[in-house]
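In this chain, numbering begins with 1 at the start of the sequence shown. Reckoned from all heavy atoms, side chains included, excluding hydrogens, waters and symmetry mates.
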Amino acid sequence: MAAFTLAHLSDPHLPPLPPARLRDLAGKRALGYLNWTRNRHKYHRRDVLDALVADLKAQQPDHIAVTGDLVNLALDAEFTPAAAWLESIGAPQQVTVIPGNHDAYVRATKHRFAGTFADYLRGDTGAGVTSYPFVRRRGPLALIGVSSAVPTPPLMATGRLGRAQLDALDRILAQLSSEQAFRVLLVHHPLHSDSRIKQLTDSRQLRAVLQRHGVDLVLHGHDHIHSTMWFDGPNGKIPAIGVPSASALAHRHYPPAAYNLFSIERNGDAWRCEQTVRSLGEGLRVQQLSETRLL
(Lines give C-alpha, C1' and ligand atoms only; values in the text may rest on other atoms or scores of the structure.)
Protein backbone atom coordinates (compact mmCIF):
# COMPACT_ATOMS: atom_id res chain seq x y z
CA MET A 1 0.00 0.00 0.00
CA ALA A 2 1.32 3.44 -0.93
CA ALA A 3 2.14 5.90 1.83
CA PHE A 4 -0.59 8.33 2.87
CA THR A 5 0.49 11.99 2.79
CA LEU A 6 -0.92 14.42 5.33
CA ALA A 7 -0.19 18.14 4.92
CA HIS A 8 -0.26 20.49 7.90
CA LEU A 9 -0.44 24.27 7.91
CA SER A 10 -1.59 26.68 10.58
CA ASP A 11 -2.24 30.27 11.60
CA PRO A 12 -2.97 31.85 8.20
CA HIS A 13 -4.37 34.94 9.98
CA LEU A 14 -6.05 35.66 6.68
CA PRO A 15 -4.95 39.06 5.36
CA PRO A 16 -5.99 41.74 4.72
CA LEU A 17 -8.12 42.69 7.71
CA PRO A 18 -11.52 43.94 6.45
CA PRO A 19 -12.73 47.42 7.46
CA ALA A 20 -13.95 47.47 11.05
CA ARG A 21 -16.81 49.49 12.47
CA LEU A 22 -16.06 51.60 15.52
CA ARG A 23 -18.64 49.68 17.57
CA ASP A 24 -16.76 46.44 16.82
CA LEU A 25 -13.51 47.71 18.32
CA ALA A 26 -14.31 47.72 22.01
CA GLY A 27 -12.26 45.94 24.65
CA LYS A 28 -9.79 43.33 23.45
CA ARG A 29 -10.47 43.99 19.77
CA ALA A 30 -9.25 47.59 20.13
CA LEU A 31 -5.80 46.40 21.18
CA GLY A 32 -5.77 43.72 18.50
CA TYR A 33 -6.75 46.23 15.83
CA LEU A 34 -3.97 48.61 16.86
CA ASN A 35 -1.48 45.75 16.82
CA TRP A 36 -2.60 44.74 13.32
CA THR A 37 -2.52 48.24 11.83
CA ARG A 38 0.82 49.15 13.40
CA ASN A 39 2.71 45.88 13.14
CA ARG A 40 1.11 42.62 12.03
CA HIS A 41 -0.07 43.79 8.60
CA LYS A 42 3.58 44.29 7.63
CA TYR A 43 4.44 40.60 7.83
CA HIS A 44 1.13 38.73 7.45
CA ARG A 45 0.65 38.93 3.68
CA ARG A 46 -1.80 37.36 1.26
CA ASP A 47 0.81 36.83 -1.45
CA VAL A 48 2.86 34.78 1.01
CA LEU A 49 -0.15 32.66 1.93
CA ASP A 50 -1.10 32.16 -1.71
CA ALA A 51 2.45 31.08 -2.64
CA LEU A 52 2.56 28.58 0.21
CA VAL A 53 -0.85 27.09 -0.61
CA ALA A 54 -0.01 26.83 -4.32
CA ASP A 55 3.10 24.84 -3.47
CA LEU A 56 1.18 22.65 -1.01
CA LYS A 57 -1.47 21.80 -3.59
CA ALA A 58 1.25 20.98 -6.13
CA GLN A 59 2.47 18.25 -3.75
CA GLN A 60 -0.98 16.60 -4.03
CA PRO A 61 -1.32 15.45 -0.41
CA ASP A 62 -4.05 12.97 0.43
CA HIS A 63 -5.41 15.22 3.18
CA ILE A 64 -4.77 18.68 4.65
CA ALA A 65 -5.02 19.68 8.32
CA VAL A 66 -5.33 23.35 9.33
CA THR A 67 -4.82 23.93 13.05
CA GLY A 68 -6.56 27.23 13.62
CA ASP A 69 -6.30 31.02 13.61
CA LEU A 70 -7.89 31.47 10.21
CA VAL A 71 -9.02 34.99 11.20
CA ASN A 72 -7.57 37.79 13.31
CA LEU A 73 -10.15 39.62 15.46
CA ALA A 74 -13.14 37.34 14.80
CA LEU A 75 -15.02 40.21 13.18
CA ASP A 76 -18.21 39.13 11.45
CA ALA A 77 -16.76 40.40 8.18
CA GLU A 78 -13.73 38.10 8.43
CA PHE A 79 -15.56 34.78 8.27
CA THR A 80 -16.93 34.89 4.72
CA PRO A 81 -13.49 35.55 3.14
CA ALA A 82 -11.99 32.88 5.39
CA ALA A 83 -14.62 30.38 4.23
CA ALA A 84 -13.85 31.18 0.58
CA TRP A 85 -10.13 30.72 1.24
CA LEU A 86 -10.68 27.34 2.89
CA GLU A 87 -12.92 26.18 0.05
CA SER A 88 -10.14 27.12 -2.39
CA ILE A 89 -7.82 24.69 -0.61
CA GLY A 90 -10.16 21.75 -0.88
CA ALA A 91 -13.51 20.19 -0.11
CA PRO A 92 -14.42 19.04 3.43
CA GLN A 93 -13.58 15.47 2.47
CA GLN A 94 -9.97 16.54 1.80
CA VAL A 95 -9.49 19.19 4.50
CA THR A 96 -9.91 19.18 8.29
CA VAL A 97 -9.85 22.34 10.37
CA ILE A 98 -9.93 23.20 14.08
CA PRO A 99 -10.24 26.64 15.72
CA GLY A 100 -7.51 28.76 17.28
CA ASN A 101 -7.72 31.47 19.90
CA HIS A 102 -8.09 34.22 17.28
CA ASP A 103 -11.10 32.38 15.85
CA ALA A 104 -12.78 32.76 19.27
CA TYR A 105 -11.26 36.16 20.01
CA VAL A 106 -14.32 37.59 21.77
CA ARG A 107 -17.47 36.08 23.24
CA ALA A 108 -19.77 37.92 20.83
CA THR A 109 -18.58 35.90 17.81
CA LYS A 110 -17.10 32.76 19.38
CA HIS A 111 -19.91 30.73 17.74
CA ARG A 112 -19.06 31.91 14.21
CA PHE A 113 -16.23 29.44 13.57
CA ALA A 114 -18.34 26.33 14.11
CA GLY A 115 -21.18 27.78 12.06
CA THR A 116 -18.99 28.86 9.16
CA PHE A 117 -16.71 25.83 8.90
CA ALA A 118 -19.04 23.09 10.14
CA ASP A 119 -18.46 20.78 7.18
CA TYR A 120 -14.68 20.90 7.74
CA LEU A 121 -14.78 19.96 11.42
CA ARG A 122 -17.66 17.54 11.62
CA GLY A 123 -16.81 14.01 12.66
CA ASP A 124 -17.73 11.06 10.49
CA THR A 125 -20.61 10.21 12.85
CA GLY A 126 -21.52 13.87 13.47
CA ALA A 127 -25.10 13.71 12.16
CA GLY A 128 -25.04 17.43 11.41
CA VAL A 129 -23.81 18.48 14.85
CA THR A 130 -20.45 20.13 15.52
CA SER A 131 -18.84 18.94 18.73
CA TYR A 132 -15.37 18.31 20.13
CA PRO A 133 -13.55 16.02 20.10
CA PHE A 134 -14.46 14.76 16.63
CA VAL A 135 -12.96 11.85 14.70
CA ARG A 136 -12.49 11.73 10.94
CA ARG A 137 -11.17 8.59 9.21
CA ARG A 138 -9.06 9.28 6.16
CA GLY A 139 -7.14 6.36 4.68
CA PRO A 140 -5.14 4.76 7.52
CA LEU A 141 -5.54 7.89 9.68
CA ALA A 142 -7.88 8.69 12.53
CA LEU A 143 -7.84 12.48 12.80
CA ILE A 144 -8.96 13.59 16.26
CA GLY A 145 -9.86 17.29 16.50
CA VAL A 146 -10.16 19.18 19.77
CA SER A 147 -10.80 22.84 20.47
CA SER A 148 -8.54 24.85 22.78
CA ALA A 149 -10.11 28.10 21.51
CA VAL A 150 -11.69 30.19 24.26
CA PRO A 151 -12.19 33.97 24.55
CA THR A 152 -9.59 35.48 26.87
CA PRO A 153 -8.96 38.88 28.50
CA PRO A 154 -6.82 41.50 26.71
CA LEU A 155 -3.14 40.60 26.34
CA MET A 156 -3.88 36.91 26.97
CA ALA A 157 -3.78 34.11 24.38
CA THR A 158 -4.23 31.05 26.54
CA GLY A 159 -6.26 28.00 25.59
CA ARG A 160 -8.26 25.39 27.45
CA LEU A 161 -9.94 22.09 26.59
CA GLY A 162 -12.05 21.74 29.72
CA ARG A 163 -13.15 18.65 31.61
CA ALA A 164 -15.92 17.60 29.20
CA GLN A 165 -13.55 17.49 26.22
CA LEU A 166 -10.82 15.75 28.18
CA ASP A 167 -13.22 13.06 29.41
CA ALA A 168 -14.58 12.52 25.89
CA LEU A 169 -11.05 12.39 24.48
CA ASP A 170 -10.12 9.79 27.11
CA ARG A 171 -12.99 7.57 25.95
CA ILE A 172 -12.25 8.06 22.24
CA LEU A 173 -8.56 7.26 22.58
CA ALA A 174 -9.29 4.22 24.72
CA GLN A 175 -11.43 2.88 21.88
CA LEU A 176 -8.94 3.79 19.14
CA SER A 177 -6.06 2.14 21.01
CA SER A 178 -7.37 -1.28 20.06
CA GLU A 179 -7.67 -0.40 16.36
CA GLN A 180 -4.99 -0.36 13.67
CA ALA A 181 -5.19 3.35 12.85
CA PHE A 182 -2.55 6.06 12.80
CA ARG A 183 -3.95 8.49 15.37
CA VAL A 184 -3.31 12.20 14.77
CA LEU A 185 -4.40 14.71 17.42
CA LEU A 186 -5.12 18.22 16.11
CA VAL A 187 -4.97 21.00 18.72
CA HIS A 188 -4.18 24.69 18.27
CA HIS A 189 -2.09 25.32 21.40
CA PRO A 190 1.16 23.40 21.98
CA LEU A 191 1.25 20.82 24.74
CA HIS A 192 3.97 22.76 26.55
CA SER A 193 4.75 26.48 26.70
CA ASP A 194 7.02 28.60 28.88
CA SER A 195 4.77 31.60 28.26
CA ARG A 196 2.11 32.16 30.91
CA ILE A 197 0.02 34.26 28.52
CA LYS A 198 0.07 31.74 25.63
CA GLN A 199 -0.10 28.34 27.31
CA LEU A 200 -2.72 25.62 27.25
CA THR A 201 -3.91 25.90 30.83
CA ASP A 202 -4.91 22.24 31.16
CA SER A 203 -1.98 20.81 29.20
CA ARG A 204 -0.98 18.64 32.15
CA GLN A 205 -4.37 16.92 32.08
CA LEU A 206 -4.17 16.47 28.30
CA ARG A 207 -0.70 14.95 28.56
CA ALA A 208 -2.02 12.54 31.20
CA VAL A 209 -4.70 11.33 28.76
CA LEU A 210 -2.07 10.84 26.06
CA GLN A 211 0.19 8.99 28.45
CA ARG A 212 -2.64 6.55 29.24
CA HIS A 213 -3.87 5.85 25.73
CA GLY A 214 -1.41 7.36 23.28
CA VAL A 215 -1.61 8.86 19.81
CA ASP A 216 0.93 8.57 17.03
CA LEU A 217 1.30 12.27 16.20
CA VAL A 218 0.20 15.65 17.60
CA LEU A 219 -0.08 18.66 15.27
CA HIS A 220 -0.46 22.24 16.54
CA GLY A 221 0.13 25.88 15.68
CA HIS A 222 -0.12 29.04 17.83
CA ASP A 223 3.59 29.79 18.41
CA HIS A 224 4.39 30.60 14.74
CA ILE A 225 7.68 28.66 14.89
CA HIS A 226 9.06 25.29 13.85
CA SER A 227 8.71 23.03 16.86
CA THR A 228 9.25 19.37 17.67
CA MET A 229 8.56 18.15 21.19
CA TRP A 230 8.28 14.60 22.50
CA PHE A 231 5.85 13.45 25.18
CA ASP A 232 5.34 10.21 27.04
CA GLY A 233 2.87 7.69 25.64
CA PRO A 234 1.99 4.20 26.85
CA ASN A 235 4.46 2.56 24.44
CA GLY A 236 7.09 5.23 23.86
CA LYS A 237 7.46 8.88 22.96
CA ILE A 238 4.85 10.84 20.98
CA PRO A 239 6.06 13.54 18.55
CA ALA A 240 4.25 16.90 18.73
CA ILE A 241 4.95 19.14 15.74
CA GLY A 242 4.31 22.88 15.41
CA VAL A 243 4.59 25.00 12.28
CA PRO A 244 5.07 28.72 11.52
CA SER A 245 2.25 31.00 10.42
CA ALA A 246 1.22 30.19 6.86
CA SER A 247 1.11 33.89 5.86
CA ALA A 248 4.19 35.33 7.57
CA LEU A 249 7.40 36.85 6.32
CA ALA A 250 10.41 36.27 8.55
CA HIS A 251 10.54 38.85 11.36
CA ARG A 252 12.32 39.05 14.68
CA HIS A 253 12.75 35.45 15.90
CA TYR A 254 9.88 34.15 13.77
CA PRO A 255 10.72 32.13 10.64
CA PRO A 256 8.96 32.62 7.30
CA ALA A 257 5.80 30.77 6.33
CA ALA A 258 6.08 26.99 6.10
CA TYR A 259 4.04 23.83 6.09
CA ASN A 260 4.72 20.17 6.87
CA LEU A 261 4.13 17.00 4.89
CA PHE A 262 3.90 13.68 6.71
CA SER A 263 4.35 10.46 4.77
CA ILE A 264 2.66 7.70 6.77
CA GLU A 265 2.62 3.97 6.09
CA ARG A 266 2.40 0.69 7.93
CA ASN A 267 5.76 -1.05 8.29
CA GLY A 268 5.14 -4.58 9.57
CA ASP A 269 3.72 -4.24 13.07
CA ALA A 270 4.64 -0.55 13.38
CA TRP A 271 4.02 2.76 11.71
CA ARG A 272 6.56 4.67 9.68
CA CYS A 273 6.24 8.48 9.54
CA GLU A 274 8.55 10.88 7.75
CA GLN A 275 8.24 14.67 8.00
CA THR A 276 9.15 17.04 5.18
CA VAL A 277 9.24 20.78 5.87
CA ARG A 278 8.65 23.17 2.98
CA SER A 279 9.33 26.85 3.64
CA LEU A 280 9.14 30.23 1.94
CA GLY A 281 12.40 31.37 0.39
CA GLU A 282 13.61 34.23 -1.75
CA GLY A 283 11.19 35.70 -4.26
CA LEU A 284 8.19 33.94 -2.70
CA ARG A 285 9.58 30.60 -3.86
CA VAL A 286 8.80 27.65 -1.61
CA GLN A 287 11.54 25.09 -1.14
CA GLN A 288 12.25 21.99 0.92
CA LEU A 289 13.85 22.89 4.23
CA SER A 290 14.35 19.50 5.88
CA GLU A 291 13.33 15.85 5.97
CA THR A 292 13.12 13.86 9.21
CA ARG A 293 12.17 10.33 10.17
CA LEU A 294 9.83 10.61 13.17
CA LEU A 295 8.71 7.00 13.58
Side-chain angles (χ1 to χ4, degrees), residues 9-53 66-89 95 97-121 130 132 147-160 188-189 195-200 220-225 243-252 254 256-257 280 284:
L9 73 161
S10 195
D11 298 73
H13 290 285
L14 196 69
L17 189 70
R21 300 169 299 185
L22 186 60
R23 69 185 187 211
D24 292 329
L25 299 179
K28 182 175 182 175
R29 275 195 184 136
L31 293 175
Y33 184 77
L34 286 173
N35 189 21
W36 177 268
T37 55
R38 292 180 178 179
N39 299 300
R40 290 169 68 90
H41 80 278
K42 299 174 186 176
Y43 48 84
H44 284 294
R45 290 182 15 186
R46 183 59 187 258
D47 57 347
V48 170
L49 180 59
D50 289 346
L52 198 76
V53 169
V66 185
T67 50
D69 278 1
L70 275 66
V71 301
N72 294 285
L73 307 182
L75 296 165
D76 280 314
E78 288 185 89
F79 286 94
T80 297
W85 173 78
L86 193 61
E87 289 168 5
S88 75
I89 293 179
V95 182
V97 68
I98 59 166
N101 56 296
H102 281 261
D103 302 314
Y105 204 66
V106 294
R107 294 185 184 279
T109 52
K110 68 177 184 178
H111 63 286
R112 286 297 308 273
F113 190 91
T116 302
F117 305 109
D119 291 341
Y120 289 86
L121 47 80
T130 299
Y132 305 100
S147 174
S148 60
V150 292
T152 57
L155 304 179
M156 298 294 287
T158 54
R160 178 173 54 84
H188 179 68
H189 289 75
S195 172
R196 183 184 64 84
I197 66 172
K198 296 186 68 175
Q199 65 184 348
L200 181 67
H220 69 85
H222 191 54
D223 284 343
H224 295 194
I225 59 172
V243 68
S245 163
S247 64
L249 295 171
H251 60 286
R252 303 198 304 274
Y254 296 105
L280 190 77
L284 295 182

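For the pair Leu9 and Val243, the minimum side-chain heavy-atom distance is 4.5 Å or more. Between Pro12 and Leu49 there is a side-chain heavy-atom pair separated by less than 4.5 Å.
Here the shortest heavy-atom pairing between Leu17 and Tyr33 reads CD2-CD1, 3.7 Å. In terms of heavy atoms, Leu86 sits closest to Val97 at CD2-CG1, 4.2 Å. When all heavy atoms of Val48 and Ala257 are compared, the pair lying nearest together is CG1-CB, 3.6 Å.
Counting heavy atoms of neighbouring residues, nucleotides and ligands inside a 6.0 Å radius, atom CZ of Arg160 does not exceed 12 of them.
A search for ring pair (Phe, Tyr, Trp, His ring centres under 6.0 Å) contacts involving His251 returns Tyr43, Tyr254, not counting sequence neighbours.
Sorted by first and then second residue, the pairs that involve residues 41-51 and meet salt bridge (Lys or Arg N to Asp or Glu O under 4.0 Å), not counting sequence neighbours, are Arg45-Asp47, Arg46-Asp50.
Between His13 and His102, the two ring planes are perpendicular [angle over 60°; tilted spans 30° to 60°]. Below 30°, between 30° and 60°, or above 60°: for His224 and His44 the angle between ring planes is above 60°, a perpendicular geometry.
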Show the atom names and distances, to 0.1 Å, of all donor-acceptor pairs under 3.5 Å that link a side chain in residues 150-157 to residues at least two apart or in another chain.
{"residue": "Thr152", "atom": "OG1", "partner": "Lys28", "partner atom": "NZ", "Å": "2.6"}
{"residue": "Thr152", "atom": "OG1", "partner": "Met156", "partner atom": "O", "Å": "2.7"}

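To the nearest 0.5 angstrom, Trp36 atom CH2 is 8.5 Å from Leu73 atom CG.
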